[in-house]
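FYI, side chains are in, hydrogens and waters are out, and symmetry mates aren't considered; it's all heavy atoms of this structure.
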Protein chains: 2
Amino acid sequence: MSADTDADTGVSLAVSTVIFALRPDPATGLITLWLPLVKRIREPHEGKWALPGGPLTADDDLATSAGRTLERTTSLAPKYLEQLYAFGAVHRSPGQERVVSIVYWALVQSDEAARARDGQNVAWFAADDLPALAFDHNAIVEYALWRLRNKMEYSRISHAFLGETFTLAQLREVYEAVLRRPVDPANFRRQMASSKSIVATGRQLTGTRHRPPRLYRYNNAVQLADLGPLADH
Amino acid sequence: MSADTDADTGVSLAVSTVIFALRPDPATGLITLWLPLVKRIREPHEGKWALPGGPLTADDDLATSAGRTLERTTSLAPKYLEQLYAFGAVHRSPGQERVVSIVYWALVQSDEAARARDGQNVAWFAADDLPALAFDHNAIVEYALWRLRNKMEYSRISHAFLGETFTLAQLREVYEAVLRRPVDPANFRRQMASSKSIVATGRQLTGTRHRPPRLYRYNNAVQLADLGPLADH
DNA sequence: ACAAAAGTGTTACTAATACACCCATGC
DNA sequence: GCATGGGTGTATTAGTAACACTTTTGT
C-alpha cells in the first residue's frame with residue numbers, strides 16, 4: 001500500500017454484481033438460474049448487455065457498493081452477497097482507460113425475483129444461455145456459476161433462494177435447479193436433518209394436491225457459508 | 001463498468017502479496033509457516049511491518065504485479081500464486097486517501113526460502129505469531145492462513161512447498177506443518193497414491209540414517225488447485 | 001380406491017481412521 | 001543385532017447412495 005494515487009496511472013475502479021435468482025424457464029417450465037443484465041447505452045460495447053455495476057464511490061465499502069447496484073437494477077435486497085473476484089487484465093476494456101472490476105455475486109429470493117419487472121434497460125437472462133456480453137462478462141458469469149455450484153455442495157446458501165419457511169421439496173428443488181441433476185428425496189431429507197441447518201416449524205403446507213408437507217425454517221445458529229475470518233464484515 | 005476515472009473519487013489501487021514458506025522455528029526446531037514483511041519507511045504506520053506490495057502499475061496484470069512484488073522482496077519465484085481478496089473498507093488506511101488493496105497469496109519452495117536472506121527492510125516472521133502490523137494486514141494474513149489451510153485439505157498445493165522430487169515423509173511433513181496436526185503415514189501414503197497426484201521416480205533418497213525412502217515427483221497431469229474457469233490465466 | 005407426493009427403513013458401497021505388523025538400511 | 005523410519009495389511013467406522021416400502025392427503 002502506498003500514498004500514490006491512480007490518477008497517475010489512469011486505472012479506474014468499478015464494482016459489478018452477478019445477481020442470481022431462480023425462475024421457471026418460459027420454454028420448458030423447469031426452474032433454472034436467471035440473472036439481470038443492463039444494456040450499455042454508450043461506448044465501449046454500446047448496445048451489448050453487461051453486468052450491472054458502476055464506479056466505486058468514495059464513501060461506500062465494496063460490498064455496500066455491490067448491494068446498492070443490486071437495489072438500483074432489481075429493486076430487491078440480496079439474501080446472500082459475497083465477493084467473487086477482482087478482474088484486472090490490462091486490455092479487458094477497449095479504449096485508453098484501464099478498468100479494474102471488483103465483482104460480487106448475490107442470491108435473491110425466488111418469489112421476490114419473480115415479481116421484479118424488467119426495467120428500461122434491464123432484462124433477465126437464463127444464466128446458462130447468455131448472449132455475447134460486453135467486456136469479459138461472459139467469463140465472469142461462468143466463474144460465478146462455478147462458484148455458486150461449488151458452494152451449493154458444501155454450504156447452506158440454498159436457503160438464500162427461499163423465504164422464511166419452506167418445505168423439503170422446495171429446498172430440494174433449489175439444489176436440483178442449481179446443480180442440474182436429480183437429488184434423492186430420502187437421502188436429502190437425512191442430510192438436511194443431520195446438518196442441523198433446518199428446523200421444523202410444526203406447521204404444514206396446506207392446499208397441495210396430496211399429502212401436506214411439513215414446513216421448515218432456517219436455523220440461524222448455522223452460518224449460510226463459512227467465510228472464515230472474513231465473516232466479521 | 002464505466003468510463004469514469006477514480007481520479008474523481010480519489011480511490012487508489014494497490015496490490016499486496018502474502019508470501020508463505022516453510023522454515024524450521026529457531027526456538028523449537030519444528031517446521032512452521034513463515035512470511036516476509038516489509039518495514040514501512042513513511043507515514044502512515046511508519047516503522048510498522050506490512051505486507052509487501054505497491055501501487056498497481058498501468059501495464060501489469062494483477063497477478064503479474066503480485067509476482068513482481070514477490071520477486072522484489074524475496075528474490076524468489078512463486079511456485080503457486082492465487083488471488084486472495086480485495087480489501088476496500090473506506091477507513092482502512094488512515095489519512096485523506098482511500099486505498100483498495102487487491103491481495104494475492106503465494107507459496108515458495110522451502111529450500112529456496114531458506115537461502116533467502118533478510119534485506120534492509122525485509123524480515124521473515126512466523127505466520128502464527130505476528131506483531132501488530134500496519135493497516136488491516138493482520139486480518140489479511142489471518143484470512144490467507146485460513147484459505148491456505150482449507151485449500152491444503154482438498155487440493156494439491158502442498159507440492160508447491162517442495163522441489164522437483166521428494167519423499168512421502170517430506171510431503172507429509174508439509175501437511176503436518178501447515179495443518180499443525182499429526183498425519184498417519186500409512187493412510188497418507190494411500191491417499192496420495194489414490195489421488196494420482198504423485199508419481200514414483202524409481203529412485204531413492206540415500207544418505208538417510210535408515211531405510212532409504214522412495215523419491216516421487218508431482219504428476220503434472222493433475223492441477224495444483226481447481227480454480228474452475230479461472231484456470232485459463 | 002387410487003394416484004401422487006411425503007416420509008421411513010434397509011442394504012450396499014466407499015472413504016476415512018486407527019493401528020498392528022513387516023521391511024530395509026545405518027550403526 | 002538393534003534401532004528407526006519406510007512401507008504394507010487389515011479391521012472398524014462413518015458417510016454416501018440406491019431403492020424398496022409405508023404413510024397421508026386430494027380427488
Point to revise | Phosphate contact (C/dA3 OP1 or OP2) by A/R209 side-chain N/O below 4.0 Å | key: no
Check your understanding: Which part of the nucleic acid, if any, lies within contact of B/T208, taking any heavy atom under 4.0 Å across all strands shown: a base, the sugar-phosphate backbone alone, or nothing?
Key -> sugar-phosphate
Check your understanding: If you look at every strand shown and take non-hydrogen atoms under 4.0 Å, does B/T167 touch a base, only sugar-phosphate, or nothing?
Key -> nothing
Name the closest nucleotide to the [X] side chain, picking from [options].
X	options	value
B/H210	D/dG7, C/dA18, D/dA3	D/dA3
B/P212	D/dG9, C/dA6, C/dA24	C/dA24
A/N187	C/dC19, D/dT25, D/dA17	D/dA17
B/Q191	C/dT17, C/dA6, D/dG7	C/dT17
B/R211	D/dT25, D/dG7, C/dT8	D/dG7

Point to revise | Residue mapping more 5' on DNA chain D - nearest nucleotide basis, B/A169 or B/R190 | key: B/A169
Check your understanding: Can you tell me how far the OG1 atom of A/T69 sits from the CG atom of A/L51, to the nearest 0.5 Å?
Key -> 10.5 Å
Practice item. Report the distance from atom CZ of B/R189 to atom P of D/dG5, rounded to the nearest whole Å. Key: 15 Å
Exercise for review: Show your working on side-chain contact (heavy atoms from CB on, under 4.5 Å) between A/L22 and A/V178 and close with a plain yes or no.
Suggested key: CA-CA 8 Å; A/L22 290 175; A/V178 173; 4.2 Å; yes
